[in-house]
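First the structure, in the form of structure tokens, and then the observations on it.
All values below come from the heavy atoms of this structure, side chains included, with hydrogens, waters and symmetry mates left out. Below, chain A is the first sequence line, B the second, and so on; all start at residue 1.
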Protein chains: 2
Amino acid sequence: MDNNVKNYADEEHCPVRNVLDRFGDKWSMLVLMLLSDMEVLRFNEIHKYIGTISQKMLTVTLKKLEVDGLVNRKAYPEIPPRVEYSLTDRTKTLMPIIQDLAQWANQNMADIQYSRSKAV
Amino acid sequence: MDNNVKNYADEEHCPVRNVLDRFGDKWSMLVLMLLSDMEVLRFNEIHKYIGTISQKMLTVTLKKLEVDGLVNRKAYPEIPPRVEYSLTDRTKTLMPIIQDLAQWANQNMADIQYSRSKAV
DNA sequence: AATAGTAATTACCTAAAGGTAAGTGGCAAA
DNA sequence: TTTGCCACTTACCTTTAGGTAATTACTATT
């Protein structure tokens with residue numbers, strides 16, 4: 001068995017680890033889904049939609065998504081500042097999968113919560 | 001705007017938060033994918049396949065998946081103990097989505113790493 | 001009598017994630 | 001002259017995730 005063991009956890013090369021780690025955090029998926037629904041949003045709009053995210057974490061989350069090329073950031077040189085966020089083309093191929101995931105979660109939440117309740 | 005704001009982050013009711021939080025951790029997806037490939041595995045087999053997971057985290061991960069009804073645990077009353085893990089029917093409807101996610105990660109990893117490298 | 005084998009469990013520790021609250025810059029309006 | 005607006009940034013703190021290494025229970029084998 002030992003020499004046909006696949007590389008299931010190679011941190012450097014495993015795409016799942018390397019890429020999906022990035023939105024396994026608390027807020028990224030939520031931000032992506034919101035932007036998918038609303039198309040373009042300013043910083044404070046996102047902040048209001050997701051009532052419970054802190055300003056700091058919204059900054060961090062958006063910056064990580066931007067660095068990965070999953071979100072566009074467009075800053076207008078105005079006072080007070082205006083910054084608009086939207087999804088990139090790359091993200092648009094991802095969203096259907098995330099929507100499937102969300103749908104699965106919707107369909108299975110009740111059963112899963114029932115399982116949890118039985119587990120004491 | 002304020003009164004048509006959707007409930008994007010309600011911790012108690014949002015299915016995405018409530019359900020998908022559970023495999024946004026470091027190991028759950030990997031364990032699910034491995035079990036999907038191999039069908040039935042013992043504790044130590046999983047441990048060997050995923051060379052870098054600690055015994056403690058494998059225990060924790062499997063228990064959480066079991067509690068959610070995503071993994072079956074079958075213990076044989078033998079000495080030394082034998083415990084076999086496999087996916088549940090509930091998980092089998094989830095795996096195609098996870099496979100899609102993995103495929104997307106595969107297809108986009110190179111681009112994303114390039115984006116990251118440009119971001120300094 | 002000692003050791004090996006399996007599936008954990010436990011105590012302890014470190015690092016990372018995330019929250020809070022205050023501050024920044026620059027202009028316009030009161 | 002103060003206040004408000006916006007998009008952050010910073011310092012500080014708490015909580016959670018995850019790692020290490022030792023230990024457990026039970027029996028068969030050496």
Does a side-chain heavy-atom distance below 4.5 Å link B:Y49 with B:M38? yes

By side-chain hydrogen bond (donor to acceptor under 3.5 Å, both in side chains) - contacts of B:T59 (at least two apart): none

Rounding to an integer number of Å, can you tell me how far A:I53 CD1 sits from D:dC8 C1'? 14 Å

What parts of residues 57-74 of chain B reach DNA chain C, counting only heavy atoms under 4.0 Å away? B:T59, B:K63, B:R73

Applying a 4.0 Å non-hydrogen cut-off, can you work out what B:Y85 is touching in the nucleic acid: base, sugar-phosphate, or nothing? sugar-phosphate

Give me each pair satisfying salt bridge (Lys or Arg N to Asp or Glu O under 4.0 Å) with a member in residues 109-120 of chain B, each pair once, sequence neighbours excluded. A:D68-B:R116

Tell me whether the side-chain N/O atoms of A:K26 come closer than 4.0 Å to OP1 or OP2 in C:dG19. yes

Looking only at atom types and distance, does a side-chain atom of B:T93 sit under 3.5 Å from a main-chain N or O of B:R90, one as donor and one as acceptor? yes

Give the B/S/- string for nucleotides 22-30 of chain D, one per nucleotide from 5' to 3', where a protein heavy atom under 4.0 Å of the base yields B, of only the sugar-phosphate yields S, and otherwise -. ----BS---

Grab the OH-C1' distance between A:Y76 and D:dC5 for me, whole Å please. 18 Å

Say whether, by atom type as modelled, one donor and one acceptor occur between the side chain of B:N44 and the main chain of B:H47 under 3.5 angstrom. no

By side-chain hydrogen bond (donor to acceptor under 3.5 Å, both in side chains), which residues pair with A:S36, not counting sequence neighbours? none

For the pair made of CD in A:E84 and P in D:dC8, what is the distance, rounded to whole Å? 12 Å

Difference in axis direction between the ends of the helix from C:dA1-D:dT30 to C:dA30-D:dT1, five pairs, 10°: 30°

How many whole angstroms separate atom NE2 of B:H47 from atom P of D:dG19? 10 Å

Atom NZ of A:K56 and atom C1' of D:dC12: how far apart are they, to the nearest Å? 9 Å

Start with the C-alpha distance between A:E66 and A:K64, add both sets of side-chain angles, then the distance that settles salt bridge (Lys or Arg N to Asp or Glu O under 4.0 Å), and finish with yes or no. CA-CA 5 Å; A:E66 192 200 351; A:K64 276 162 75 181; over 6 Å; no

Ignoring backbone atoms, establish whether B:R42 has a side-chain N or O less than 4.0 Å from OP1 or OP2 of C:dA7. yes

Taken to the nearest whole Å, CG/B:D25 to C1'/C:dA17 is 14 Å

In this structure, how many angstroms lie between the P atom of D:dG18 and the CD1 atom of B:I50, rounded? 13 Å

Side-chain donor-acceptor pair present, A:S86, A:R73, cut-off under 3.5 Å: no

D:dC6 C1' sits how many Å from A:K48 NZ, rounded? 10 Å

So, do B:V83 and B:Y76 sit near enough that their side-chain heavy atoms are less than 4.5 Å apart? no

Heavy-atom side-chain proximity of A:M33 to A:Q99 below 4.5 angstrom: yes

If we only count heavy atoms from C-beta on, is the B:N108 to A:L94 side-chain gap below 4.5 Å? no

